[in-house]
Asks: 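This structure is in structure tokens; I'll ask about it shortly.
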2 protein chains.
Amino acid sequence: MIIVMKTIQEIAKSISESGLKVTPQRVAVMQAFEKLNHPRAEEIYKEVYNSIPGLSPTTVYNILDVLVNKGIVKRVKTESGVMRYDAVSDHHHHMYCLSSDRVEDFFDPELDKILQEYFEKKRIDGFKIEDIKLQLMGKFE
Amino acid sequence: MIIVMKTIQEIAKSISESGLKVTPQRVAVMQAFEKLNHPRAEEIYKEVYNSIPGLSPTTVYNILDVLVNKGIVKRVKTESGVMRYDAVSDHHHHMYCLSSDRVEDFFDPELDKILQEYFEKKRIDGFKIEDIKLQLMGKFE
DNA sequence: TTTCTAATTTGTATTGATTCCAGTTTAAAA
DNA sequence: TTTTAAACTGGAATCAATACAAATTAGAAA
Ligand SMILES: [Mn+2]
Ligand SMILES: [Mn+2]
Ligand SMILES: [Zn+2]
Ligand SMILES: [Zn+2]
């Protein structure tokens, strides 16, 4: 698992290529994802507020909505119901801790292939699968 | 897929065996699950209110919490973040509609076996899996 | 059957996340 | 540089969910 830090230029490019204006708020939100692990909107707000003091919480919600709609950011469902966000764009699954709110990424192309082949053979009547996500529930040691 | 309607007696038994008092509110909440598909707390409230007019919304939240803690009811994560509930106790996965809030059950013991065997061979370092849930994202036709 | 009491339910207030909206600012096209 | 649609802001409003204290009740004990 290689962590690739995005430069401001790369972030600006991905925003711009989605047909969005490149604003300091949007760039800072994307940058915040480099520091935070599946953060909630409020955590992003606190982080970004450091560099943009006038920031409004509403703006963070707006930006996250826009980025989710463009597919740049993904929502992560949690047991508590509080929404969390994920800027990792490659397909992956999640490990959920049963005794805390920790969520970690799980990349496994081999498993993805197994699942893909399984569901190619075994179609579900009346439902067309577009994406398969695993929730691995358990405990971190 | 066989749908088994639970009698009031069976419901009362499962409540009682969990060490809980059998109240009309609890029985009615369990019965509501027979009519509703992965309902939200509010939908359950509306349904149960028909038979128990004095019902408080707080009671529904209390009951759902208790039933979840006893493992009689499961929480179902959704994209919007609103919590939904599930009284089906056998292990199963969910199909999520990408263009509506529809959620359907997906039972597949064969797949469960494949996953179980896969993760027996391939352990995840630092994480002990206790349960695997699939989110099948797609469209109903 | 009646009594007793801890468990449960209720109603109100409150929280916390998120959305709405109207006014202001700004990125970037022209 | 000008223009303006898009984006940001802040305050109010909404919605799901929780906290709490008082009233009720299921079911154990007498
Ligand atoms: Mn301000
Ligand atoms: Mn009442
Ligand atoms: Zn992730
Ligand atoms: Zn289900």
Asks: Roughly what angle, to 10°, lies between the helix axis at the start of the helix from C:dT1-D:dA30 to C:dA30-D:dT1 and the one at its end, five pairs per end?
Replies: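 End axes: 30° apart.
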Asks: If the threshold is 4.0 Å, N to carboxylate O, is there a salt bridge linking A:Glu42 and A:Lys46?
Replies: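 Here A:Glu42 pairs with A:Lys46 in a salt bridge, since their nearest N and O are under 4.0 Å apart.
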Asks: Take the protein atom CD1 of B:Ile52 and the nucleotide atom C1' of C:dT8, then report the distance between them rounded to whole Å.
Replies: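 Computing the B:Ile52:CD1 to C:dT8:C1' distance gives 13 Å.
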Asks: Can you tell me how far apart CG (A:Asp112) and CG (A:Asp90) are? Round to the nearest 0.5 Å.
Replies: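 One gets 10.5 Å once the value is rounded to the nearest 0.5 Å.
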Asks: Output the rounded distance in Å from CZ (A:Arg26) to C1' (C:dA27).
Replies: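 In whole Å, C:dA27 C1' lies 10 Å from A:Arg26 CZ.
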Asks: Has A:Ser18 got a side-chain atom pairing as donor or acceptor with A:Leu20's backbone, closer than 3.5 angstrom?
Replies: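 Pair absent, no side-chain N/O of A:Ser18 close to backbone of A:Leu20.
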Asks: In whole angstrom, give the distance that lies between atom NZ of A:Lys46 and atom P of C:dG16.
Replies: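 Those two atoms, NZ and P, are 11 Å apart.
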Asks: Within the distance-only criterion (no hydrogens, no angle test), does the side chain of B:His91 pair as donor or acceptor with the backbone N or O of B:Ile132 below 3.5 angstrom?
Replies: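 Yes: the side chain of B:His91 pairs with the backbone of B:Ile132.
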Asks: Test the B:Lys77-A:Tyr96 pair against the cation-pi criterion, namely NZ or CZ under 6.0 angstrom from the six-membered ring centroid and within 45° of the ring axis.
Replies: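 Yes, a cation-pi geometry holds between B:Lys77 and A:Tyr96.
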Asks: Check B:Lys113 with B:Asp108, please: is the shortest side-chain N to carboxylate O separation under 4.0 Å?
Replies: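 Result for this pair is no, no salt bridge flagged.
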Asks: Toward the 5' end of DNA chain D, which comes first, B:Gln25 or B:Glu42, by nearest nucleotide?
Replies: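 The answer here is B:Glu42.
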Asks: Each nucleotide N or O in nucleotides 28-30 of chain C that has a protein N or O under 3.5 Å away: list the pair and distance.
Replies:
| from | atom 1 | to | atom 2 | distance (Å) |
| --- | --- | --- | --- | --- |
| C:dA28 | OP1 | A:Val22 | N | 2.7 |

Asks: Rounded to whole Å, please give me the gap between CD in B:Glu17 and C1' in D:dG27.
Replies: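 It works out to 17 Å between those atoms.
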Asks: Distance check needed: D:dA16 P versus A:Met83 CE, whole Å only.
Replies: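 It is 14 Å, rounded to the nearest whole Å.
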Asks: Roughly, in whole Å, what's the span from OH in A:Tyr45 to C1' in C:dA17?
Replies: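 Taking atom C1' of C:dA17 as the reference, OH of A:Tyr45 is at 14 Å.
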Asks: Carefully, step by step, assess B:Arg40 and B:Tyr85 under the rule side chain to side chain donor-acceptor pair (under 3.5 Å).
Replies: CA-CA 6 Å; B:Arg40 324 198 267 135; B:Tyr85 296 86; over 6 Å; no
Asks: Tell me, which of residues 57-75 of chain B have any heavy atom that sits under 4.0 Å from an atom in DNA chain D?
Replies: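 Listed by number, they are B:Thr58, B:Tyr61.
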